[in-house]
Amino acid sequence: MARRTGRRPGNPATREAILDAARATFGQRGYDGSTIRAIAAAAGVDPALVHHYFGSKDQLFLAAMQAPFDPREVLPAVLAGDRAGLGERIVRTFLSVWDSPAGTAGIAMLRSAVSNEWTARLLREFVTIHVLRPILDHVDVDPAEVPLRGSLLASQLVGLAVMRHVIRLEPIATADPEVLVAAIAPTIGRYLTAPL
């Protein structure tokens with residue numbers, strides 16, 4: 001009888017217990033205030049088991065959020081290139097994610113965040129830590145302005161997602177993505193780098 005190779009399958013109940021503990025811990029303490037050790041303790045498992053199932057805190061957070069995409073895979077291309085085209089790259093990438101099948105999970109998360117404070121906090125953490133922070137670290141602006149600039153950027157993009165995919169306001173709901181890029185990118189660029 002041939003022996004199977006590779007990693008043994010884990011216990012699905014243990015994985016779910018870790019995810020439940022992660023959601024609760026991230027929801028209570030936020031991303032920065034949560035540790036693998038605290039999540040493991042809440043799940044009643046060894047921290048090594050958390051690493052076994054999820055690798056890193058970032059990967060655990062994305063799994064707990066059921067994030068529609070991994071910003072670490074998308075943002076390098078957005079941030080590459082000249083500063084003048086950053087707004088266009090942000091909007092184009094945002095639309096490519098939200099208009100894809102992966103965007104369905106994001107739409108569900110948006111709907112839930114409107115009526116559920118716990119989901120709203122997790123979504124806020126996800127957007128702030130994994131999307132806005134890397135973008136705003138990339139632009140050279142007064143650090144005192146970063147929170148306002150990030151909030152303005154998020155309001156524009158989340159507003160676009162809500163109008164296009166939740167409320168389905170025409171003509172935004174069915175507009176060609178490039179039409180929206182041309183219309184919205186200058187505002188994004190201004191939020192990021194122009195005087196407020």
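We count residues from 1, following the sequence as given.
Taking a 6.0 Å sphere around CG of D140, one finds it holds 12 or fewer heavy atoms contributed by other residues, nucleotides or ligands.
Across every non-hydrogen atom of Q59 and S56, the tightest pair is OE1-N, 2.9 Å. Nearest approach of L79 to P134, heavy atoms of both residues: CD1-O, 3.9 Å. Closest approach of L132 to G150, counting heavy atoms only: CD1-O, 3.5 Å. Heavy atoms only, all atoms of each residue included: P71 and V131 are closest at CG-CG2, 4.1 Å. Residues A38 and T35 come closest through the heavy atom pair N-OG1, 2.9 Å. Of all non-hydrogen atoms in A40 and D46, the two that sit nearest each other are CB-C, 3.9 Å.
Taking 4.0 Å as the cut-off between side-chain N and carboxylate O, E117 and R124 count as a salt-bridged pair. Using a 4.0 Å cut-off between charged nitrogen and carboxylate oxygen, D82 and R89 count as a salt-bridge pair.
When side chains are defined from C-beta on, V114 does not count as touching V166, because their heavy atoms never get closer than 4.5 Å. The closest side-chain heavy-atom distance from V78 to F94 is not below 4.5 Å.
Side-chain atoms of S34 come within 3.5 Å of backbone N or O of T25 as a donor-acceptor pair. In this structure, E88 contributes its side chain and G85 its backbone to no donor-acceptor pair below 3.5 Å. A donor-acceptor contact shorter than 3.5 Å links the side chain of R23 to the backbone of A64. A donor-acceptor contact shorter than 3.5 Å is absent between the side chain of H165 and the backbone of I107.
Taking CD1 from I90 and CG from L75, the interatomic distance works out to 8.5 Å, rounded to the nearest 0.5 Å. Distance check: E125 CD to H130 NE2 gives 8.5 Å after rounding to the nearest 0.5 Å. Distance check: T14 OG1 to L49 CG gives 6.0 Å after rounding to the nearest 0.5 Å. In this structure, the separation between CD1 on I135 and OH on Y191 is 14.5 Å, given to the nearest 0.5 Å. Annotation: the span from L192 atom CG to L152 atom CG amounts to 9.5 Å, rounded to 0.5 Å. Residue L196 holds its CG atom at 9.5 Å from OG1 of T193, rounded to the nearest 0.5 Å.
Under the 4.5 Å side-chain heavy-atom criterion for grouping Ile, Leu, Val, Met, Phe, Trp and Tyr, V179 is not connected to L169 through any hydrophobic cluster. No single ILVMFWY cluster, assembled from side-chain heavy atoms under 4.5 Å apart, contains both V141 and L148. Cluster annotation: M163 is connected to W98 through the hydrophobic network of ILVMFWY side chains, with a link wherever side-chain heavy atoms come within less than 4.5 Å.
The side-chain contact (heavy atoms from CB on, under 4.5 Å) search around P177 returns L95, D99, R164, not counting sequence neighbours.
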*Evaluation steps, side chain to side chain contact (heavy atoms under 4.5 Å, CB included), between D70 and D58*: CA-CA 9 Å; D70 185 343; D58 280 348; over 6 Å; no

